[in-house]
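Every chain is numbered from 1, with letters handed out A, B, ... down the list of sequences. When reading the values below, keep in mind they use all heavy atoms of this one structure, side chains included, and skip hydrogens, waters and symmetry mates.
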2 protein chains.
Amino acid sequence: MNQPITAADKTFIALRDDIVEGRIEAGSKLSETELSTKFAVSRAVIREAINRLESCHIVERKANVGARVVALSPQGLIELYQVRESLEGMAARLAAKNMTDEEIADLGALLQSHFDEVKGGESYYQEAGDVDFHYRIILGSKNKHLISMLFDGIYHLVRMYRVQLGMAGPRVTTAYDEHKHIVQAILNRDAELAEMLMRRHILYSKNSIEHKLS
Amino acid sequence: MNQPITAADKTFIALRDDIVEGRIEAGSKLSETELSTKFAVSRAVIREAINRLESCHIVERKANVGARVVALSPQGLIELYQVRESLEGMAARLAAKNMTDEEIADLGALLQSHFDEVKGGESYYQEAGDVDFHYRIILGSKNKHLISMLFDGIYHLVRMYRVQLGMAGPRVTTAYDEHKHIVQAILNRDAELAEMLMRRHILYSKNSIEHKLS
DNA sequence: ACTTGCTATATTGTCGACAACTTGGTGTTA
DNA sequence: TAACACCAAGTTGTCGACAATATAGCAAGT
């Protein structure tokens with residue numbers, strides 16, 4: 001869904017953003033009638049939006065009872081990162097095999113632009129930049145399931161945790177070097193190493209976050 | 001969803017089975033009106049069922065056009081097994097950490113019952129048994145996302161490929177030994193090894209299937 | 001006071017009808 | 001003949017109303 005077409009598309013995205021950004025608080029109940037007046041659409045549209053949120057694991061539904069926004073917990077965040085480690089590790093492995101030379105060159109250029117920012121004295125490492133880096137590698141895997149699971153499912157949840165637990169994006173200091181090594185491995189078409197480095201990268205990330213939480 | 005409650009639940013499962021078993025052929029279009037008469041429910045119910053099928057990646061939907069059953073391709077099967085390798089590898093790793101001693105003992109007992117069958121002269125290795133083995137390890141990971149992705153999403157697709165490309169279940173000869181080694185690694189709480197063995201197990205599986213296809 | 005059963009209310013699930021959109025076909029024009 | 005605009009039929013998207021189900025509160029009995 002590149003462009004939202006139907007009312008259900010737009011409502012889904014609006015609702016998802018409201019939840020991820022915390023405007024609708026975690027754990028709260030989603031009333032269909034209430035939302036349908038708020039968004040000025042019929043309940044059918046709201047129901048479809050909620051169904052899609054459920055398949056993203058952003059809400060949980062019980063038959064004849066209703067839908068609740070998922071509750072955030074340290075355990076939940078850990079589980080999320082375990083899945084990321086697994087999936088993005090595989091993505092890096094496949095990217096090393098499947099990315100075109102041009103795509104790899106572009107990735108290198110992106111990294112260079114990050115370096116220019118980091119070099120500029122302050123350790124300014126945009127979350128957007130980090131996300132973009134991971135995006136490209138995941139896309140580079142050329143595996144539909146991998147891409148869909150991460151983009152449609154996991155990433156919004158990760159963002160929800162980031163926003164609501166108030167993390168200031170990923171670690172600044174060492175992440176750049178880790179990215180650099182990953183790109184190098186992909187450039188060398190060393191799938192094995194690329195996977196290992198990506199897994200470590202995400203593991204470090206997880207540890208850093210766990211540390212902040214405690 | 002342990003028990004189907006609503007009409008949408010039942011229709012979803014019925015439709016999914018029809019597709020997985022090939023009674024509705026891969027690549028064909030799903031007409032909402034047609035299905036609603038066939039299943040004797042309203043279009044709203046059909047739409048919800050189709051939406052759920054879409055989140056399982058069993059059908060693809062385009063706005064204002066409709067839904068089609070996914071097309072099967074060798075490439076698609078490979079991509080599926082790449083994801084399985086990644087996710088189930090992680091599941092085995094986590095299972096080695098998180099399964100209780102009792103659960104591991106049960107798993108060992110299951111394996112023993114398989115051995116008894118194999119020993120009985122013929123190399124009879126039920127698909128159901130294999131699936132059960134993998135199920136337990138995935139459940140043993142205690143990771144909600146892993147469990148949901150595999151059970152609700154990947155496994156039905158794998159089954160769809162198995163049924164429609166006419167594979168007689170998993171390989172018979174070596175799979176038992178591989179299972180045995182995996183259980184041993186879990187028993188030793190060797191997470192690293194458990195993951196590696198599971199990944200290899202699935203990789204072999206993939207190679208075997210690729211071989212049959214060519 | 002505590003439990004049990006009922007009722008009232010509110011919410012979700014399902015339905016049929018209408019609106020909006022896609023698509024294939026037809027006729028017109030260069 | 002090819003290209004284009006338009007129309008018609010059928011499909012999907014959206015809506016409001018009704019049916020089925022859960023939940024909270026109250027009443028009655030022990």
Could you state the NZ-C1' distance from B:K29 to D:dG10, rounded to the nearest angstrom? 10 Å
Using a cut-off of 4.0 Å on non-hydrogen atoms, how would the nucleic acid contact of B:I50 be classed: base, sugar-phosphate, or nothing? nothing
Between A:E48 and A:R52, is the closest basic N to carboxylate O distance under 4.0 Å? yes
Heavy atoms under 4.0 Å is the rule here; annotate nucleotides 14-19 of chain C 5' to 3' with B where the base is hit, S where only the sugar-phosphate is, and - elsewhere. BB-B--
Taking A:R93 first and then A:D190, would you say they form a salt bridge - that is, a charged N and a carboxylate O separated by under 4.0 Å? no
Within the 4.5 Å heavy-atom criterion, are A:V45 and A:F12 side-chain neighbours or not? no
Taken to the nearest whole Å, NZ/A:K10 to C1'/C:dA20 is 12 Å
A:L94 and A:M90: CA distance, side-chain angles, deciding distance, side chain to side chain contact (heavy atoms under 4.5 Å, CB included) verdict: CA-CA 6 Å; A:L94 295 175; A:M90 179 55 79; 4.0 Å; yes
Spacing of A:L35 atom CG relative to C:dA10 atom P, expressed in whole Å: 18 Å
For C:dT23, does OP1 or OP2 lie under 4.0 Å from any side-chain N or O of B:K62? no
When all nucleic acid strands are considered with a 4.0 Å heavy-atom cut-off, which category describes A:L30: base, sugar-phosphate, or nothing? sugar-phosphate
What is the distance, to the nearest angstrom, from the CD1 atom on A:I46 to the P atom on C:dG13? 14 Å
Please state how far atom CG in A:N64 lies from atom P in C:dT12, giving the value in whole angstrom units. 10 Å
Quick check on side-chain contact (heavy atoms from CB on, under 4.5 Å): which of B:I202, B:L146, B:I147 does B:L87 satisfy it with? B:L146
Result of checking A:E195, A:M198, A:R200 against A:I182 for side-chain contact (heavy atoms from CB on, under 4.5 Å): A:M198
